[in-house]
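Here is the structure we will look at, set down as structure tokens.
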Amino acid sequence: MRYIETNRHFCLNTFHSLNRDLLGRFLYRVAFNMVTGVVDDLQPDCSPTLRDEMANFYGWALATQIIQWLVTNLQESKVEFYQRMHRMLNGTLQQVLDNNR
């Protein structure tokens, strides 16, 4: 988020260019790695398959939300974006892990 805010024009230009897919894949990879780390912290013995399924699902969800933030020209403040993501995600990873024990 900080990177996008700091490099707003670059990200928006990339988003609006033919390389839009590159930005989406980059954001997905960052989000995938972040979710993988959270799952590993919450349940170190989680199966790699479940961990990767969760990281894939939530990675794309987060990447898509960030792209939507770009589409709206970052009208929502970074704090509001964080708060919205927290409302949507708070406890969901733990719930998935609990449901699959």
Is [Y] reachable from [X] through a run of I, L, V, M, F, W or Y residues, each pair having side-chain heavy atoms under 4.5 Å apart?
| X | Y | answer |
| --- | --- | --- |
| F32 | L50 | no |
| M54 | L62 | yes |
| L27 | Y58 | yes |
| V39 | W60 | no |
| L12 | F26 | yes |

Pairwise distance [atom1]([X]) to [atom2]([Y]) - rounded to 0.5 angstrom:
| X | Y | atom1 | atom2 | result |
| --- | --- | --- | --- | --- |
| L93 | L42 | CG | CG | 6.5 Å |
| R2 | K78 | CZ | NZ | 5.5 Å |
| N100 | T49 | CG | OG1 | 11.5 Å |
| E53 | S47 | CD | OG | 7.5 Å |
| R51 | N56 | CZ | CG | 12.5 Å |

Check whether any side-chain N or O of [X] sits under 3.5 Å from a backbone N or O of [Y] as a donor-acceptor pair, and report yes or no.
| X | Y | value |
| --- | --- | --- |
| N33 | R29 | yes |
| T72 | W69 | yes |
| N13 | H9 | yes |
| R8 | N73 | yes |

Legend entry - Residue pair L23 / C11: nearest heavy atoms and the distance that separates them: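 Of all heavy-atom pairs spanning L23 and C11, the closest is CD2-O, 3.7 Å.
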Legend entry - Minimum heavy-atom distance between I67 and G24, given as atom pair plus value: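 Closest pair (atom of I67, atom of G24, distance): CD1-CA, 3.8 Å.
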Inset, instruction - Flag yes if more than 12 heavy atoms outside F57 fall under 6.0 Å of its CZ atom; otherwise flag no. - result: no
Got [X] and [Y] here, is their nearest side-chain heavy-atom distance under 4.5 Å?
| X | Y | value |
| --- | --- | --- |
| Q83 | H86 | no |
| Y28 | T64 | no |
| Q65 | M88 | no |
| T92 | L89 | yes |

